[in-house]
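Let me begin by presenting the structure, written as structure tokens, before commenting on it.
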Amino acid sequence: MTILDPLTLTNQQARRFLLAHQGLWPPYQLAGKAGVLAQIRRLGCIQFDPLNIVGRNPDLVLQARVNGYRPGMLEELLYQDRRLLDGYDKMMAIYRVEDWPYFRRRREAARRRYGDSAQPATEIVPQVRQEIEARGPLSSIDLDFDQTVDWHWSPTRLARVALESMYWWGELIVHHKVNTRKVYDFAHRHLPAALLGAAEPNPDEEQFHDWYVLRRMGGMGLASARASDAWLAMGEIKARQRRASLGRLLERGQVLEVRVDGLDQPVYTRAEDRPDAEGVLDAGDPPPQAAILAPLDNLLWDRRLVKELFDFTYVWEVYKPVAQRLYGYYVLPILYGDRFVARFEPGRDKTEGVLTIQNWWWEPGAQSTGGASRSEGSLPPAAMRQEIKRCFEQFLGFLGREELRIEERAVEGAGLDWLLE
């Protein structure tokens, strides 16, 4: 047994370690496609969502961490360089191609499920193979199997069911996308034979569970053992299996218990990340930098832990009825240093090249120095204003927009005149 001594951190130290692990303390320290790969290597995966208001979720995750990031970098790594894959990890996600063997167990389970003779696509799969062999990469609209069948949460064309079934069991990968439409091709045309034929790295279920718990922990940096969105989409690994894995990882010294002032339960980090955590203890106070975060950013996977460490409550409200929304349909948090200071509702005029701020909400105390209250409508500190302005200039570059426009209600309600100066 090699249980490591617990690490004790103040709330601020825990925040800063979590941000440093996420590439946000400070942000923008990576660059180029190499920076994208480095960030995904550290986190394991970043979550994908097709909604595009001011960029899709993976692009928003990366623009906060990779200086000068543009969406084309991720597209190239996915569909030209083949260094990354569209796959299922933390829900739909993007991860390194080297991780392909670790999900063999999932692909085999999908083949048993979707390749069963009772499944609707079974009979047409041979024909789909012939079409792709003859014509190259195809999407569902390129196939004439128009029968509607039950699939997951809604009735779907048989052509799509066949392609997705073959994708889930690993015969196909996403060759590229046309907006959100997936175009598929055979995996063997694009992935190395050695990778496709690699043995399962975790030969038994227990080893797989331990690997996956450790992987998901790395996706966050600090993890609570309790149930949260951070542990979603791990297949058969539910709370009981997760606790068992955590116990084994602690006994082997692969996971470290972290005690944080003010938290009633310990949190955990990978032992390999301990040097980073201890480095935070000796770190000074660099000038705060601002960053706009994605709604499904890895930092926000455990919302309760974010509330405990940052005193920041965030819920992505796109799926809530309008009457139940506290803020808005699509709202993005703004980080400044090691605190969340605001959130805003963005919009984009694609014809005029304009980014709009439709609404803006300051966090309590964000406009003050040291948390002291200020009079209503007063300006935030000059350093914060300057850094948020710089952050929005960088965000405009990411979007390829030329102008920032602020709705009158946001100017008046949040005092944002300075952002346009």
Side-chain angles (χ1 to χ4, degrees), residues 7 9 11 14-25 39-49 57-58 60-62 64-65 87-95 99 102-103 106 208-250 254-260 262-273 276-277 293-319 333 335 340:
L7 182 66
L9 300 176
N11 186 286
R15 291 199 308 271
R16 291 183 174 185
F17 164 60
L18 185 55
L19 291 170
H21 181 86
Q22 288 290 334
L24 294 167
W25 177 255
Q39 187 62 47
I40 294 178
R41 183 183 303 112
R42 166 163 283 229
L43 299 179
C45 76
I46 53 177
Q47 196 167 342
F48 178 82
D49 187 89
N57 190 76
L60 289 169
V61 169
L62 292 167
R65 294 158 167 86
Y88 195 78
D89 189 354
K90 172 63 166 61
M91 315 298 284
M92 290 308 301
I94 294 168
Y95 55 76
D99 293 338
Y102 289 89
F103 293 98
R106 274 192 165 173
F208 176 72
H209 291 183
D210 295 352
W211 169 82
Y212 211 175
V213 167
L214 201 62
R215 175 181 176 84
R216 193 59 63 86
M217 194 174 292
M220 295 175 283
L222 285 175
S224 168
R226 65 192 169 220
S228 73
D229 285 357
W231 302 111
L232 288 177
M234 296 182 71
E236 74 282 2
I237 306 176
K238 308 303 182 186
R240 181 174 62 83
Q241 292 85 0
R242 187 173 68 246
R243 287 193 296 269
S245 282
L246 182 59
R248 291 190 294 269
L249 291 165
L250 281 165
Q254 292 179 267
V255 163
L256 173 69
E257 182 181 294
V258 182
R259 297 172 184 169
V260 181
L263 270 61
D264 58 2
Q265 295 181 21
V267 290
Y268 303 90
T269 192
R270 298 180 303 183
E272 65 187 84
D273 296 323
D276 295 332
L293 299 193
L296 300 174
D297 196 288
N298 296 53
L299 178 64
L300 303 173
W301 283 0
D302 189 335
R303 295 172 189 156
R304 184 173 167 185
L305 183 60
V306 169
K307 169 64 177 174
E308 292 171 334
L309 292 180
F310 295 87
D311 194 23
F312 179 73
T313 301
Y314 180 78
V315 176
W316 198 32
E317 299 184 293
V318 291
Y319 300 114
L335 187 72
F340 288 97

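- Listed for the Asp229 side chain is no donor-acceptor partner under 3.5 Å among the backbone atoms of Asp302.
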Side chain to side chain contact (heavy atoms under 4.5 Å, CB included) assessment of Val213 paired with Phe208: CA-CA 9 Å; Val213 167; Phe208 176 72; over 6 Å; no
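- The backbone N or O of Gln47 sits less than 3.5 Å from a side-chain atom of Asn57, completing a donor-acceptor pair.
- Taking CD of Gln254 as the reference point, atom CG of Leu249 lies at 5.5 Å (rounded to 0.5 Å).
- In this structure, Arg303 is not positioned above the aromatic face of Phe312 in the sense of NZ or CZ being under 6.0 Å from the six-membered ring centre and within 45° of the axis.
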Check against side chain to side chain contact (heavy atoms under 4.5 Å, CB included), Leu19 and Phe310: CA-CA 11 Å; Leu19 291 170; Phe310 295 87; 4.0 Å; yes
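- The pair Asp297-Arg65 counts as a salt bridge, with a side-chain nitrogen and a carboxylate oxygen less than 4.0 angstrom apart.
- Between Phe103 and Trp211, the ring planes lie perpendicular to each other; the angle is over 60°, past the 30° to 60° tilted range.
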Stepwise side chain to side chain contact (heavy atoms under 4.5 Å, CB included) check, Gln241 with Glu236: CA-CA 8 Å; Gln241 292 85 0; Glu236 74 282 2; 5.8 Å; no
Verdict with reasoning, Tyr268 to Leu246, per side chain to side chain contact (heavy atoms under 4.5 Å, CB included): CA-CA 9 Å; Tyr268 303 90; Leu246 182 59; 3.7 Å; yes
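- Salt-bridge annotation for Asp276 and Arg16: absent, with no side-chain N of the basic residue lying under 4.0 Å from a carboxylate O of the acidic one.
- The two residues Trp301 and Lys90 come nearest to each other via the heavy atoms CZ2-CG, 3.5 Å.
- A salt bridge links Arg259 with Glu257: the closest approach of a Lys/Arg side-chain nitrogen to an acidic carboxylate oxygen falls below 4.0 angstrom.
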